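Worksheet: one structure, shown below.
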Amino acid sequence: MSAISASEKVDGFTRKSVRKAQRQRRSQGSSQYRTQSAPVELSPLPQLKDAPSTEQQELFTQKLQQCCILFDFFDSVLDLKSKEIKRATLNELVEYVSTNRGVLQESTYPEITNMIITNIFRALPPSDNPDFDPEEDEPTLEAAWPHIQLVYEFLLRFLENPDFQPSIAKRYIDQKFVLQLLELFDSEDPRERDFLKTILHRIYGKFLGLRAFIRKQINNIFLRFIYETEHFNGVAELLEILGSIINGFALPLKAEHKQFLMKVLIPLHTAKGLALFHAQLAYCVVQFLEKDPTLTEPVIRGLLKFWPKTCSQKEVMYLGEIEEILDVIEPTQFKKIQEPLFRQISKCVANPHFQVAERALYFWNNEYILSLIEENIDKVLPTMFGSLYRISKEHWNPTIVALVYNVLKTLMEMNCTLFDELTSSYKADRQREKKKEQERDELWKKLDELKLSNTTLVQNNSHGLEFNVSDCAALLAI
Amino acid sequence: AVQSSGKSTSADGDDSLYPIAVLIDELRNEDVQLRLNSIKKLSTIALALGVERTRTELLPFLTDTIYDEDEVLLALAEQLGNFTMLVGGPEYVHCLLPPLESLATVEETVVRDKAVESLRKISQEHSPVDLEVHFEPLVKRLASGDWFTSRTSACGLFSVCYPRVSSTVKAEIRQHFRTLCSDDTPMVRRAAASKLGEFAKVLELDYVKSDIISLFTALASDEQDSVRLLAVEACVSIATLLPQEDLETLVMPTLRQAAEDKSWRVRYMVADKFSELQKAVGPEITKNDLVPAFQNLLKDCEAEVRAAAANKVKGKRLNIMLPFIRLIQYTNQHVKSALASVIMGLSTILGKDNTIEHLLPLFLAQLKDECPEVRLNIISNLDCVNEVIGIRQLSQSLLPAIVELAEDAKWRVRLAIIEYMPLLAGQLGVEFFDEKLNTLCMAWLIDHVYAIREAATCNLMKLVEKFGAEWAQNTIVPKVLGMANDPNYLHRMTTLFCINALSEACGQEITTKQMLPVVLKMSNDQVANVRFNVAKSLQKIGPVLDNNALQTEVKPVLEKLASDQDMDVKYFAQEAISVLPLA
C-alpha cells in the first residue's frame, strides 16, 4: 500500500492497475465437449514423413479423421494420453500442409473442412462471469485451447497453402461455414478472436462470392449488438477487418456502403463499451471520409446527434475522433459543418469535467485546425466566445483556465476587431439570453394555467374538451 | 396575452398564427433539454391550439421534422399515444398515424417500441372502417419497408388489427406475417418469433393449425439460436390453444428437439419455461415427455442450463428433488450458486433435526466454497436457518466466510456482504460483533470504491439504531472522527458523510459535543470538495443542534464559507444559511 499512498495524496484515488493486480486467478470455460459417451482411446498412427509417398494421402486422411474426436478439457487429468496423441497429430498436420506442395487434393477438402468444423464450431459457453465487464474483468479462456489453437493454425495454413483452390473449397467453405465462423467472434478468449480475425480476412480475400454475404452478416451482428444485446466480444476484431475492407472499396461508393456507415458505424458510437473498439471504429470512419469527403457533414451530424450526455470518458473519445476527422477535412466541408460542430466544442470547453475541457482545448494545438478556424473566424469566434469568456472566469481547474486564456489570445490575434466587439457586447448578450429565458418561463406558465383551467372546466362541463379548448386557445391568441 | 420579441407574427396582423409560431419555436429550440421539455408538454401545446389546428398544423409539423435526438423522439412517441382527445376524439384518431409511422421506423429500439405501443393503443380507438382504411395500410407499408426497423415494428401490430378486419384483409395480414417469419434479417425474424404466440392467440383455430404450426416449426429450427429460443417462448401460448389430441403431433416434436438443441441458450429457455410448458401441455405429456427431458436438463453439460432447471425444482415432489441435492457434486459455480439460493429455504420445510443432519453439512461446505457468490447466497438466506436451528450452530464457520467476502476483489461482492451486516449483527449479538466484525465495518469506510464507502456509512447508521447511542459513542464515533485528519481527502469526506448519517441516531449531546467541533474545524480544509461538504453537513445536522450552537458556532462558519472563493462552496453555504433557522 505504501507504493500508492504518494499518488493517493494527489487525487485520492488508487490506480486501477494496482487494484487489478489483486484480482483472482484466470478462469477457464469450454463448451466444446458434448458427447457424454464412453471415452475413446486414441492409438498413435505412424508419422507422415516416414510413410511412403503413395500412402501419405491415405494416412493424411486417417489423421484428419482421428482429430475429429473431442476431449473433455474440464477434467485436466482425463484421457491424458489420447489428448497428447491428438495434440502431436495436429502439430504434424499443421506442418504437413505448410511445408509440402501437392498435398491438397480435391478429395481431401471435405475431410479437412470436416475436421475443422467438428473442432471449432460449437455453441460458445455462457460466460463464467454473468456481469462480465471486458474493461475490468479477466476473460474466461477456452479450456480446450491446446487443441483448438492447432486447429485454427491448421485452417490458416490450409487457406494460405499455394495449392489452395477457392473454386473447390467454396463447396465446403460456404455461407453456413462463414456464419458459424462469425458467431465465434463472440468468444471471450482474445487468442481465439485473434486467429478468427486473420482467418476471416483470408476468406474475404480469397472467396469473392462470399464478400457481400460476409459484410451483410457483420452488419447484422453489429445491429444486434447496438440495438438488442449490447454484448458481443469481437466488435474490435470485426472492425479491424472492416477497416481494410473499406480501404479497398471502389469509387464512387455504393449506396450499400454509405448505408453501412450511417446506419451501423455511426450508431455503434452509442455502445456502452465503446472504449474497447473506439480506435478501430474511428479508423473505419476516417477511411470512409478519405474515400468520399462529401460524407463529412452527415458523419459529423451523426456524431453530434449521439454526443454523450453524461459519460465524460466517452466524450473524450468523441473529441478524439472529431480531431481525427478534422485532420482530413476539406475546407469546403468544414464550412458546411462548422457552426453545429463548434457549438458542441464550445459546450465541451465549458464542461466541468476537466479532462473533457482539456481535450477540446487541445484542438488549438493542431496547426491544420487552427488554419481552418482562422479562415472562418467570423463564424467560429461568435460561437465559441461566450463559453470561453465565461470559463476563463469560472472554471474550477487552474489548468483549464490557463488553457482558455491561451485560446482566447490566439482567437483575438486572428480577428481583433471582432473580438473587441464580442467582449463589449458580452454582457448585453447574456442579458438578452436571460430575458428570453424569462419569456419562455412566462409562456409556459400561461400554458400551464390554461391546462389547469381547462381540466377544471372539463370537470364542470359535460360539453367536453373540444369546446373549452378552442375557447382557451382564443383567449391565448388575443 | 403573451408578448415576445421580433419573431411575433402578430406584427403583420395575423393574430391566429401567433401561438403556433412561438410554440413551434419551442419545439425547435437549439438546446436539447428545452426541446425535450417542450415535447413532454406537447399536450399543453395541443390544448392551446385546439383540436383543429392540432390536426392541420401541429401534426404535419411533427411528421415533417422527425429527425431529432432519440430522447426527444421517445417522448414524442409516448405523447402521441394519449392524443386521441386532443385531435378531436376517435373520429379523427387516424391523424396520429403519420408521425407514429415515421417513429416506428427509427433505429433506436426504445423509440420504435414506444411508437408501436402507442400505435397499438390508438388502434383500439379506430372504428372498424378506419382500421381498414387507415391503420391496416400502415401496417402493410411497415411490413414491406426497406430497412429492417419498419419490418420489426410491423410484427407487433398484426395482432391488434387482425380480429377487427374483414376476411380478405385477414388473409393479407396472415400472408405478411408469414413473409416476415422468413425475413432475410435475423432481427426481423426475432421480432416475428417473439410475436408468434400473441398472433396465434387472435387467429382462428384452423389457421393456427395450418399457418402458425409451420411457422413455429420453421422458426424453431432457424439457423440462429437467438431466433430458436424465442420459438420456445411461443410454444407455451401455442400449446395452450391447441386441443390435447393435436399436441403430440403438432408441437411435441419441435419441443423435444428444442430440449436437445445444440445451443445452450435454447435448452436454457426450455428449462426456464418449464413450469409454463408443463401447464400448457397437460399432465399426461408432462409425465411421459417433459419429466425425462427435465431430468436431462438437470444433468446438462452447461451449468447455466442446470441452474435454470434447478431453480424450477422448488415445489416439485421429493423424488425429483433428490438428484437435485446430488447436483452439489457438480463443480460448477452457477449450479452451486443457484442451489445455495434455494437450499436455505428447505430448512423450514425439513424441520430442525433433518436440517442439522442433512443440510448443515452442506451449508458448512458451501460457506467454504471458492466462489464468492455461493458463500454470499448462503449468508444472505441465513434468516431462514436462524429460525429453525439458530445461527450459533454456524457462527464458527460463518466468520472466516464473512471476513473473506469482506475483502473480496469484486466490489459488488463486498457491497452485498455489507448489506447483510445489520442482519448478522442482530443475529450474532453485540459482543460477537465488537470482537470480530467491528474492524471490518471500519475498514470499509476507506474502501477505494465510493459505493462501498457509502454503503459502509449507511451500515454504521443501522448498527447504531440497533445497538444504541452509548455503544456508538464508545466504539465507532472516535474512529470516524479520527479520519478527519487523514491525508486523503476522500477519507476526510467520509467522516462528514458518517456524521450526516449518524447525528440523528446519536442524538444532540454527542452531535454537539463531539461531532460539531470536528465539522467546524474542517471548514478550513484546503480541498474545496471537503469545504462544501462541511456546508452540506452543517445543513444536515442543524436540526439536531440547539439554537445556541447554531447561532454562535454554525452561523459564523457558514458565513465565512458563503464568501469562499470556490463557487460550489459558496452555493452550498448559502443554501444551508437559507434552510437553517439562523436569523
Side-chain angles (χ1 to χ4, degrees), chain A residues 5 8-9 12-14 19 22-24 31 33-34 36 74 122-123 125-126 128 130-131 137 176 179 183 216 220 223-224 226-229 259 263 267 270 305-306 309 343 394 396 435-436 439-440 442-444 446-448 450-451 454 464-466 469-478, chain B residues 1-5 15-16 18-19 22 26 30 32 34 37 41 43-53 68-70 85-86 88-89 107-109 147-148 185-187 190 223 225-226 262-265 268 301-304 331 333-334 409 412 448 487-491 528 566-568:
Chain A
S5 60
E8 263 188 328
K9 266 174 207 155
F13 295 92
T14 43
R19 300 199 314 266
Q22 310 165 357
R23 296 211 173 237
Q24 317 135 293
S31 198
Y33 184 70
R34 310 226 134 273
Q36 292 180 339
F74 259 129
R122 61 207 195 279
D128 230 15
D131 33 38
D137 302 328
K176 194 170 174 232
L179 201 60
E183 272 171 24
K216 202 168 125 201
N220 287 342
L223 288 169
R224 182 173 178 213
I226 303 166
Y227 295 118
E228 293 182 10
T229 58
Q259 189 183 52
K263 298 233 177 187
T270 60
K305 176 179 169 189
F306 293 131
K309 302 274 185 304
R343 267 200 296 277
E394 282 177 8
W396 63 274
K435 195 169 165 232
K436 233 177 132 186
E439 280 171 6
R440 173 180 308 108
E442 298 267 299
L443 170 69
W444 280 108
K446 283 229 162 68
L447 286 173
D448 286 338
L450 174 76
K451 191 172 183 176
N454 191 273
L465 205 60
E466 210 172 323
V469 173
S470 39
D471 257 11
C472 295
L475 272 176
L476 185 87
I478 296 165
Chain B
V2 187
Q3 271 309 324
S4 143
S5 55
D15 277 352
S16 62
Y18 170 64
V22 176
E26 284 294 288
E30 228 172 67
V32 193
L34 292 176
N37 291 345
K41 292 181 183 163
S43 57
T44 313
I45 293 181
L47 212 52
L49 288 174
V51 291
E52 187 159 342
R53 294 176 60 205
D68 204 331
E69 306 234 3
D70 292 327
M85 288 317 283
L86 295 164
E107 262 82 24
E108 179 51 52
T109 327
W147 188 240
F148 79 95
T185 345
M187 283 77 80
R190 277 194 287 277
E223 63 191 10
D225 60 358
S226 52
K262 69 177 180 342
S263 163
W264 64 270
R265 287 186 187 84
Y268 175 92
C301 66
E302 215 55 86
E304 298 260 322
T331 49
Q333 53 156 309
H334 290 282
R412 286 184 184 83
H448 61 260
N488 186 329
Y489 83 95
L490 293 173
H491 299 173
D566 185 280
M567 55 187 273
D568 293 321

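Naming convention: chains lettered A, B, ... in sequence-line order (proteins, then strands); numbering from 1 in each chain. Keep in mind that what you see is a predicted model, and the values were worked out from it rather than measured.
- Heavy atoms closer than 4.5 Å to chain A are found in both the backbone and the side chain of B:Met187.
- Under the salt bridge (Lys or Arg N to Asp or Glu O under 4.0 Å) criterion, B:Glu107 pairs with A:Lys263, not counting sequence neighbours.
- Residue contact with chain A, scored on non-hydrogen atoms closer than 4.5 Å, is absent for B:Glu52.
- Tested against B:Leu86, the residues B:Val51, B:Leu49, B:Leu47 include a single side-chain contact (heavy atoms from CB on, under 4.5 Å) partner, B:Leu47.
- In terms of non-hydrogen atom pairs under 4.5 Å with chain B, the most contact-rich of A:Leu223, A:Thr229, A:Ile226 is A:Leu223.
- Between B:Trp264 and B:Asp225, the closest side-chain pair of non-hydrogen atoms is not below 4.5 Å.
- Of the atoms belonging to B:Tyr268, not a single heavy atom falls under 4.5 Å from chain A.
- Only the side chain of A:Leu179 comes within contact range of chain B, judged by heavy atoms closer than 4.5 Å.
- Between A:Glu228 and B:Ser226, every side-chain heavy-atom pair lies at or beyond the 4.5 Å cut-off.
- Annotation: salt bridge (Lys or Arg N to Asp or Glu O under 4.0 Å) contacts of A:Lys176 (sequence neighbours excluded): none.
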